[in-house]
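Okay, structure first, notes after.
Residues take their numbers from the sequence shown, with the count starting at 1.
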Amino acid sequence: LGVWKYRQILASPDHAAHPYLDIAHRAALLYSFALLLVAVFVQLSAFSSLVNLLAAAAMALFFFASVANYSIQARLARTDNVFREPPPGTSAYMIALIVAEIGGWLVLLAGFLQGQVL
């Protein structure tokens, strides 16, 4: 993503990449560090491996799906804001993302608290 972004910056008259490519690049960097934190919480959780796997996998899946979607939007270059004219299923996807990311984090946090604090 960084190379693609750099190439767009060089080729663009205003020296800027497509907004969704910029978002994809930044999100990938942020999500990579978030997953390192998730891994630590999985390691320190008192919950079963299956519970930890499901919680972490839900978050990782939506992290990946978000970056992939941003990349697709950048490649298609149809919009700079997909929520302006959202495709069908956008609301359902966003609700699932919210549940997976917040729910997964709360599960791992509870497992950490149970294993390390309580």
Side-chain angles (χ1 to χ4, degrees):
L1 291 172
V3 171
W4 182 16
K5 180 179 173 180
Y6 178 65
R7 289 189 57 176
Q8 280 196 2
I9 290 169
L10 289 179
S12 169
D14 61 350
H15 301 290
H18 187 275
Y20 271 105
L21 180 53
D22 190 42
I23 292 168
H25 181 247
R26 291 175 193 214
L29 293 172
L30 292 170
Y31 286 151
S32 67
F33 286 103
L35 287 172
L36 291 173
L37 187 60
V38 166
V40 171
F41 274 76
V42 165
Q43 184 179 16
L44 299 174
S45 174
F47 293 160
S48 71
S49 295
L50 179 61
V51 170
N52 291 328
L53 173 67
L54 292 174
M59 288 189 288
L61 174 69
F62 278 96
F63 290 171
F64 172 78
S66 294
V67 172
N69 184 48
Y70 300 146
S71 299
I72 290 166
Q73 295 304 321
R75 179 78 170 124
L76 297 175
R78 290 187 300 212
T79 184
D80 61 354
N81 186 339
V82 74
F83 290 103
R84 190 175 297 125
E85 294 178 27
T90 299
S91 292
Y93 175 82
M94 292 305 298
I95 291 168
L97 178 142
I98 291 165
V99 169
E101 289 186 2
I102 295 174
W105 177 248
L106 290 175
V107 167
L108 294 179
L109 180 60
F112 169 79
L113 292 173
Q114 184 175 334
Q116 304 299 316
V117 178
L118 303 177

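I9 and A17 make their closest contact through CG1-N, 3.7 Å (heavy atoms, listed as atom of the first residue, atom of the second, distance). Closest heavy-atom contact between E101 and M59: O-SD, 3.7 Å. For the residue pair L21 and A74, the shortest heavy atom distance occurs at N-CB, 3.4 Å. The two atoms that bring L1 and A24 nearest to each other are CD1-O, 3.6 Å, heavy atoms only.
Formation of a donor-acceptor pair under 3.5 Å by the N52 side chain with backbone atoms of F47 is found in this model. Panel note: side chain T90, backbone P87; a donor-acceptor pair is recorded below 3.5 Å. H25 places no side-chain N or O within donor-acceptor distance of the main-chain N or O of V3, the cut-off being under 3.5 Å.
There is no path of hydrophobic side-chain contacts, each under 4.5 Å, that joins V107 to F41. Y70 and W4 fall into different hydrophobic clusters, where Ile, Leu, Val, Met, Phe, Trp and Tyr side chains are chained together by heavy-atom contacts under 4.5 Å. Note on L97: it does not cluster hydrophobically with L35, by side-chain heavy-atom contacts below 4.5 Å among ILVMFWY residues. Linking ILVMFWY side-chain heavy atoms closer than 4.5 Å, directly or via other members, places L37 and Y31 in a single hydrophobic cluster. Connection of V40 to V42 is established within a shared hydrophobic cluster, with ILVMFWY side chains joined at heavy-atom distances below 4.5 Å, either directly or through further cluster members.
Looking only at side-chain heavy atoms (C-beta outward), I23 and Q73 stay at 4.5 Å or farther from each other. At a threshold of 4.5 Å between non-hydrogen side-chain atoms, the residues R78 and V82 do not count as touching.
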Can you give each donor-acceptor pair under 3.5 Å made by side-chain atoms of residues 111-118, sequence neighbours left out, with the distance rounded to 0.1 Å?
unit_1	atom_1	unit_2	atom_2	d
Q116	NE2	L44	O	3.1

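Side-chain polar atoms of T79 and N81 form no donor-acceptor pair below 3.5 angstrom.
Checked against a 6.0 Å centroid threshold, the rings of F62 and Y93 count as neighbours.
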